[in-house]
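The structure under discussion appears below in the form of structure tokens.
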Amino acid sequence: MAKITKLDDIVSLCKRRGFIFQSSEIYGGLASCYDYGPLGVELKNNVKKAWWKAVVQMRDDVVGLDCSILMHPLVWKASGHADKFADLIAECKKCNTRTRVDHLKEKAEGQADEHTEHISIDAAQVETGDLSKKVCPNCGVVGQFTEPMPFKLMFETQMGANVDDSMTMQLRPETAQGIFVNFRNVLDSTRVKIPFGIAQIGKSFRNEVTTKAFIFRTREFEQAELEFFCEPGTDEKWYEHWRQARFDWYINLGMKKENLRFREHAKDELAHYAKGCVDVEYKFPFGSGDWQELEGVANRTDFDLRQHQRGMRTLNKWFENDRKMTNIKLADEAEDYEKGPLSYFDEEQKRRYIPYVIEPSAGMDRSTLAFLVDAYDEEEVRGEKRSLLRFHPDLAPVKAAIFPLVKKDGMPEIARKICDDLKRRFNCFYDEKGAVGRRYRRQDEAGTPFCITVDGQTKEDNTVTVRERDSMEQTRISADQLLNYLREKLGL
RNA sequence: GCGGGUGUAGCUUAGUGGUAAAGCUCCAGCCUUCCAAGCUGGUCACGAGGGUUCGAUUCCCUUCACCCGCUCCA
């Protein structure tokens, strides 16, 4: 079954079929950047559409949002990204391995392999100023480190055409903050009541130290995130709800169950704000066949909204400091923060609180790749290899292809007409070139679920054949019934 | 960032210090009444830059990109 065993096979398939190309390829490529080709963009759009439908449109308790990528600099101060999305890394002069400074241990220290969160650069410099006793985790040499160098994990750009007074901005490293910042707006404009969620799909940017693995980890990527706000105390219940809902989403879209699993985060692995976190992982066929994260579902507690209340209180200081972020400290939290501007008033209980947040955060590029890999199959047909993509109908880039059996006797005209009619309902493809068998196989490789063929009999009794991708079986049905037939089969 | 490997047509491969070959694909035409048929013709490549050389795809250097393994990261 596993016909794709190496990453190379995936890359080759993606390029050959027009799913994914390397960015700027004619210029030799650009590291970590990829473009979606004609089939790829349809596939990825369908993945996003399926997510949006399941998470937003099919529910009464979730609304959507589409925020700008550039946000107020204080957003990243409050969220913690400005300080904490920068690591200090030192390189061992002996073996040239790089290690995060805060991961380095002194010789005598215990072996407990604790997982630490990002800490602020300032704090890191104070805490780890002396590397002379630190041990290289790779070669064991003591105190042979280069000066710690900071890594900026957020992309920066300038806003304002006038260089002199332009402001440094960051491209968002996650879409989530746009949701938190609009919490008030959504509350005030939509009459939603807790528990409810706000969902968003969009690009995010992270200056990862290493990328690698095709589109699996890239610096520019697309996220689909939901922030689900609930009353403290009900958070465990919603956490359970969403982890299951998100797992089922992949299964319902045809992903093989044996390739999907949960991975619970250990306590010491959790981000400082998270109460619980679980990854949905897919068994990608990279190298050793490792499980890789598709999506994380986290219980973020009330951390984010509380942080933004602090951020709002910092605004004046920021103006006074000439709109510079350096040397600005986030304002302390108000004593009665639970009644703050981002609190929620519960009508039934007549009390205010800061809601807890459950966050399912999925990588759309990763999901697209996983669906692609999972759908790929090869089989033997009459001694010939048939390769096909068994996409779920919702994800298939093209839903139906329409052929005249041969290019004469008026068949092309009829087929064209059918194609034009169907096109208005879903994505269709017309092809009249070459032998019909070849055309079938071409559609197999694109993952098209159905092929409709107009033949000599069509003119006599107005029937066509519908050929099914997975079984290659054909059914003859009336052209008048075609639309209904396909809509039922495709679930549209 | 380190170590190892790779880079020839859309794909898979061949080959050489003297101007690159094949299969499949693709395009056009003919022929074709149901699963990559046939015939004819055609398009398309040595990742980029520099050096050595009369001459470099081949040797050397640099660079870019990708893969594997570390490191790092969610």
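These numbers come from a predicted model, not from an experiment. All chains are named by letter (A, B, ...) in the order of the sequence lines, taking the proteins before the strands, and each is independently numbered beginning at 1. Note that these values count all heavy atoms, side chains included, but never hydrogens, waters or copies made by symmetry.
Taking atom P on both nucleotides, B:G51 is separated from B:G55 by 11 Å, rounded to a whole Å. A distance of about 15 Å separates the C1' atoms of B:G15 and B:A56, rounded to the whole Å.
If you measure from atom CZ of A:Arg439 to atom C1' of B:U33, you get 11 Å, rounded to the nearest angstrom. Between the CZ atom of A:Arg217 and the P atom of B:A74 there is a distance of 9 Å, given to the nearest Å. Between A:Gln443 atom CD and B:C34 atom C1' there is a gap of 15 Å when expressed in whole angstrom units. The distance from atom CZ of A:Arg386 to atom P of B:C35 is 13 Å, rounded to the nearest whole Å. Computed from coordinates, the A:Phe214 CZ to B:C68 P distance equals 12 Å when rounded to whole Å. Rounded to whole angstrom, the span from the CG atom of A:Leu388 across to the C1' atom of B:A36 amounts to 14 Å. A:Ile26 has its CD1 atom 18 Å from the C1' atom of B:C66, to the nearest Å.
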Under 3.5 Å, N/O pairs linking protein and nucleotides 6-11 of chain B:
residue : atom : partner : partner atom : Å
B:C11   : OP1  : A:Lys15 : NZ           : 3.4

All N/O pairs under 3.5 Å across the protein-nucleotides 23-31 of chain B interface:
residue : atom : partner  : partner atom : Å
B:U25   : OP1  : A:Arg438 : NH1          : 2.9
B:U25   : OP1  : A:Arg438 : NH2          : 2.8
B:C26   : OP1  : A:Arg442 : NE           : 2.8
B:C26   : OP1  : A:Arg442 : NH2          : 2.8
B:C26   : OP2  : A:Arg438 : NH1          : 3.2

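Contact annotation for A:Glu281: no contact, since no heavy-atom pair falls under 4.0 Å across all strands. Counting any heavy atom pair closer than 4.0 Å across all strands shown, A:Phe21 reaches no nucleic acid atom. Contact annotation for A:Arg263: base contact, defined as any heavy-atom pair under 4.0 Å involving a base atom. Heavy atoms of A:Gln22 sit under 4.0 angstrom from primed sugar atoms or phosphate atoms, though from no base atom. Residue-level contact check: A:Asp409 touches the bases, meaning some heavy atom is under 4.0 Å from a base atom.
Residues passing the ring pair (Phe, Tyr, Trp, His ring centres under 6.0 Å) test with A:Phe262 are A:Phe247, sequence neighbours excluded. Residues meeting the salt bridge (Lys or Arg N to Asp or Glu O under 4.0 Å) test with A:Glu384, sequence neighbours left out: none. Under the ring pair (Phe, Tyr, Trp, His ring centres under 6.0 Å) criterion, A:Phe183 pairs with A:Phe229, not counting sequence neighbours. For A:Tyr282, the ring pair (Phe, Tyr, Trp, His ring centres under 6.0 Å) test picks out A:Phe284, with sequence neighbours left out.
The stretch residues 444-456 of chain A participates, sequence neighbours left out, in these salt bridge (Lys or Arg N to Asp or Glu O under 4.0 Å) pairs: A:Arg17-A:Glu445, A:Arg386-A:Asp444, A:Asp444-A:Arg467, A:Asp455-A:Arg476. Applying the ring pair (Phe, Tyr, Trp, His ring centres under 6.0 Å) rule to pairs touching residues 433-477 of chain A yields A:Phe403-A:Tyr440, sequence neighbours excluded. Applying the side chain to side chain donor-acceptor pair (under 3.5 Å) test to every pair with at least one member in residues 408-419 of chain A, sequence neighbours left out, gives these pairs: A:Lys417-A:Asp421.
Judged by distance alone with a 3.5 Å cut-off, no donor-acceptor contact links the side chain of A:Tyr27 to the base of B:C64. Between the base of B:C35 and the side chain of A:Arg467 there is a donor-acceptor pair shorter than 3.5 Å.
With B:U33, B:C35, B:C66 as the candidates, the nucleotide lying closest to the side chain of A:Leu405 is B:U33. Taking only side-chain atoms of A:Arg382, from C-beta outward, the nucleotide of B:C34, B:C35, B:A36 with the closest atom is B:C35. Side-chain proximity of A:Lys408 to the nucleotides B:A36, B:U32, B:C34 is greatest for B:U32.
Using a 4.5 Å cut-off on side-chain heavy atoms (C-beta onward), A:Asp235 and A:Ile358 make contact. A heavy-atom distance below 4.5 Å is found between the side chains of A:Ile414 and A:Ile418.
A 6.0 Å sphere centred on CD of A:Glu473 holds no more than 12 heavy atoms belonging to other residues, nucleotides or ligands.
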